[in-house]
Amino acid sequence: MPEGHTVHRTANQFNEQFAGKALTIDSPQGRFSAGAAMANGLILNRAFAVGKQLFLELQGGLFIRIHLGIYGKWRWYQGKAVAKALQDEPVGQVRARFYTDTAMADLRGPTVCEVIVAEEADRVRDQLGPDPLNDDPSGLELARFIARVQRSKQPIGALLMDQAVISGVGNVYRAELLFRAGIDPYLEGNRLTEEQLRSIWKDAVALMQVGVATGFMITRDDLFESDPSKSERNFVYKREGQPCRICGHEVSIALMQARKLYWCGNCQR
DNA sequence: TACTCATGAGCAA
DNA sequence: TGCTCCTGAGTAG
């Protein structure tokens, strides 16, 4: 489920399993062979996420940038399973494989997996909007988000999907954040108040932290502590034609920038 | 078994 | 706006 919370979980996992260790890196599928050859054997200084992008910072100023896109997935192996997996045929098209004696991560189907230098990593980060999952003690990131939305005439439903406005939010959180805020997804950015935007940001932080903790995009407060089935987790996402969980009004669906948008026309005016 | 759809995003027209 | 990249889960028949 590659929205931002998944990527932060992966960064945490890389830090736990691999930080400070030399990584063996290869590309069973072959499409990352050149990158793997450059990075193989280097020590992982740290892993971090910005929005939906994962950065592996290696010794010597090299970075591996990974973006899962819509299909990308990780598969992890621990302990004895590592040696066994190395003997077996890789499962699926494994673009990149990262491992030590004790842990292994297989990457399949990413949109991006490349080795870059520090300047390129900085350039990519500069293009990304603030990430609700990264610390913001000064409030500067929140201010960036508010300013960026309020100077736009684009609908808020489109702005929340724009990674230069807010990074890490995808189609599920977009729909759910707007529902929880009671905001019409077609309302233009410059018509939202600072208070509304603060509230959306604060809610994004909370919901995405739940996502990091649980691995699931649970957006119904009463279910945060439980383990709801996929169809129960959200208010409006993928619930078109069904009654709104709050008011009973039929949940609507429309395409916004080629992505399916779900909302309740009664609760979100 | 075959087909559709998906949590994303870059690019050409 | 539509096409493309690419993988796999879910569903129809």
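Below, chains carry the letters A, B, ... as their sequence lines are ordered, and counting in each starts from 1. Values below: every heavy atom of this structure, side chains too, minus hydrogens, waters and symmetry copies.
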Set out, line by line, the N/O atom pairs under 3.5 Å between protein and nucleotides 9-13 of chain B.
| from | atom 1 | to | atom 2 | distance (Å) |
| --- | --- | --- | --- | --- |
| dA9(B) | OP1 | H67(A) | NE2 | 3.2 |
| dA9(B) | OP2 | K52(A) | NZ | 3.2 |

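- The aromatic rings of W201(A) and F145(A) lie tilted to each other, with the angle between the two planes from 30° to 60°.
- Note on ring orientation: taking the six-membered ring where Trp is involved, the planes of F98(A) and W74(A) are tilted (angle from 30° to 60°).
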Distances for protein N/O vs nucleotides 7-9 of chain C N/O pairs under 3.5 angstrom?
| from | atom 1 | to | atom 2 | distance (Å) |
| --- | --- | --- | --- | --- |
| dT7(C) | OP1 | Q29(A) | NE2 | 3.3 |
| dG8(C) | OP1 | R108(A) | NH1 | 2.3 |

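- For the pair E176(A) CD and dT7(B) C1', the interatomic distance rounds to 12 Å; values are reported in whole Å.
- No more than 12 heavy atoms of other residues, nucleotides or ligands shown are found within 6.0 angstrom of CD on E225(A).
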(request) Begin with the C-alpha distance, continue with both residues' side-chain angles, and end with the deciding distance and a verdict on ring-ring contact (aromatic ring centres under 6.0 Å, His included) for F216(A) and H5(A). (result) CA-CA 9 Å; F216(A) 302 114; H5(A) 68 294; 8.9 Å; no
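- In this entry the distance linking CG of N171(A) with C1' of dA6(B) reads 9 Å, nearest Å.
- To the nearest whole angstrom, the two P atoms, one in dG8(C) and one in dG10(B), are 23 Å apart.
- The environment of CG in D126(A) is crowded: more than 12 heavy-atom neighbours from other residues, nucleotides or ligands sit within 6.0 Å.
- Following rounding to the nearest Å, I66(A) (CD1) and dG8(B) (C1') show an atom-to-atom distance of 16 Å.
- The main-chain N or O of V50(A) is never found under 3.5 Å from a side-chain atom of N134(A) such that the two would form a donor-acceptor pair.
- Applying the side-chain hydrogen bond (donor to acceptor under 3.5 Å, both in side chains) test to K153(A) and every residue at least two apart in sequence or in another chain returns nothing.
- Counting non-hydrogen atoms of other residues, nucleotides and ligands closer than 6.0 Å to CG of D135(A) gives a total of 12 or fewer.
- Y173(A) comes within 4.0 angstrom of nothing in the nucleic acid, heavy atoms only.
- Rounded to whole Å, atom P of dG8(B) lies 9 Å from atom CZ of R174(A).
- dT7(B) atom P lies 17 Å from atom CG of L207(A), rounded to whole Å.
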